[in-house]
Colleague: 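Right, I'll just put the structure down here and ask away after.
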Amino acid sequence: MSKKDINEDIVFESEEESTPQDKLKKIKNKLKSCETERKEYLEGWQKARADLINLRKQDEEEKKRIREFAKEDVVLDLVSVLDSFDMAFSNKESWQSVSEEWRVGVEYIHSQLLSIMQSYGLTEINPVNEKFDPELCEAVETREGKDNIVVEVIRKGYRLKDKIVRTAKVAVGKD
Amino acid sequence: MSKIIGIDLGTTNSAVAIVEGGEPKIIENTEGTRTTPSIVAISKTNERIVGLLAKRQAVTNPENTVFWY
């Protein structure tokens, strides 16, 4: 900062009016305000730097999460196909009335699809006769039965590796 | 330096956000969703449950589940 700049910031009255003490006081005040400003800039820079570090960490974690679950959307879409198979199999009387060749063929296709999904880390959540757990299931109705025990799984849930991608819809027993 | 959390405590769903890089960012909950049902319950084992878990057990425990309807 040149002497000219200092003089532009600090306005002195005429030489006759300002004493050396006055000049010193003004310079001290200016220094104090510069220190305050510097402190603000430093804090602002430190905050921005911390934000950048946090953002980079989160970006890395987000990329890792995307890599791990890149197939999740496709797997979830295919779960609805598994649901269709379950619905077809659930009506035992109708299913048994289909010719054996067709039944075996369709059951094989179901096994094949399930096997492929399992190779991607998909597992079923089918907690029939287990204690109702809201982390895994959603209760849609209550029925007569053992209290707080799942009496029927209305729609299976699924887990993709460690993540629950769909909770099971269940009927829960009530005394 | 501590962060400030903003909470939208809605009648049906709630959301939580922070300001990051000058932009507001909604934080996901433990279930991975950006909104949480505004439901609270006391379970049969006397545990306090909130959000999605409270919603999932509402049918089995209506006397001890609170939400706006």
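Values below: every heavy atom of this structure, side chains too, minus hydrogens, waters and symmetry copies. Note that the structure is a prediction, hence the values are computed from the model and not measured. Every chain is numbered from 1 and lettered A, B, ... according to where its sequence line falls, protein lines coming before strand lines.
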Colleague: Just wondering, are more than 12 heavy atoms of other shown residues or ligands nearer than 6.0 Å to CD in A/Q96?
Modeller: yes
Colleague: Drop me the distance from A/I164's CD1 to B/E31's CD, to the nearest 0.5 angstrom.
Modeller: 7.0 Å
Colleague: Side chains of A/V140 and B/V59: closer than 4.5 Å at any heavy-atom pair?
Modeller: no
Colleague: At a heavy-atom distance under 4.5 Å, which candidate from A/T167, A/L52, A/V172, A/V170 has the highest pair count against chain B?
Modeller: A/T167
Colleague: Please classify the contact between A/D133 and chain B as side chain, backbone, both or neither, with a heavy-atom cut-off of under 4.5 Å.
Modeller: neither
Colleague: Determine whether more than 12 heavy atoms belonging to other residues, nucleotides or ligands lie under 6.0 Å from atom CZ of A/F89.
Modeller: yes
Colleague: Is the CD1 atom of A/I66 crowded by more than 12 outside heavy atoms at less than 6.0 Å?
Modeller: yes
Colleague: Decide if atom CD of A/E101 counts as having more than 12 heavy atoms of other residues, nucleotides or ligands within a radius under 6.0 Å.
Modeller: no
Colleague: How many angstroms lie between NZ in B/K44 and CG in A/N148, if you round to the nearest 0.5 Å?
Modeller: 4.5 Å
Colleague: Answer yes or no: does atom CG of A/L31 have more than 12 heavy-atom neighbours from other residues, nucleotides or ligands under 6.0 Å?
Modeller: yes
Colleague: Do B/K25 and A/Q58 have side chains that get closer than 4.5 Å, going by heavy atoms?
Modeller: yes
Colleague: At what distance, to the nearest 0.5 angstrom, does OG1 of B/T30 lie from CD of A/E135?
Modeller: 7.5 Å
Colleague: Can you check whether A/P134's main-chain N or O pairs, donor with acceptor, with B/R56's side chain at less than 3.5 Å?
Modeller: yes
Colleague: Is B/K55 close to chain A through its backbone or its side chain, or both, or neither, when contacts mean heavy atoms under 4.5 Å?
Modeller: neither
Colleague: Around atom CZ of A/R143, are there more than 12 heavy atoms of other residues, nucleotides or ligands at under 6.0 Å?
Modeller: yes
Colleague: Going only through I, L, V, M, F, W and Y residues with side-chain contacts under 4.5 Å, is there a path from A/Y120 to A/Y158?
Modeller: yes
Colleague: Report the distance from atom NZ of A/K174 to atom CG of B/N61, rounding to the nearest 0.5 Å.
Modeller: 6.5 Å
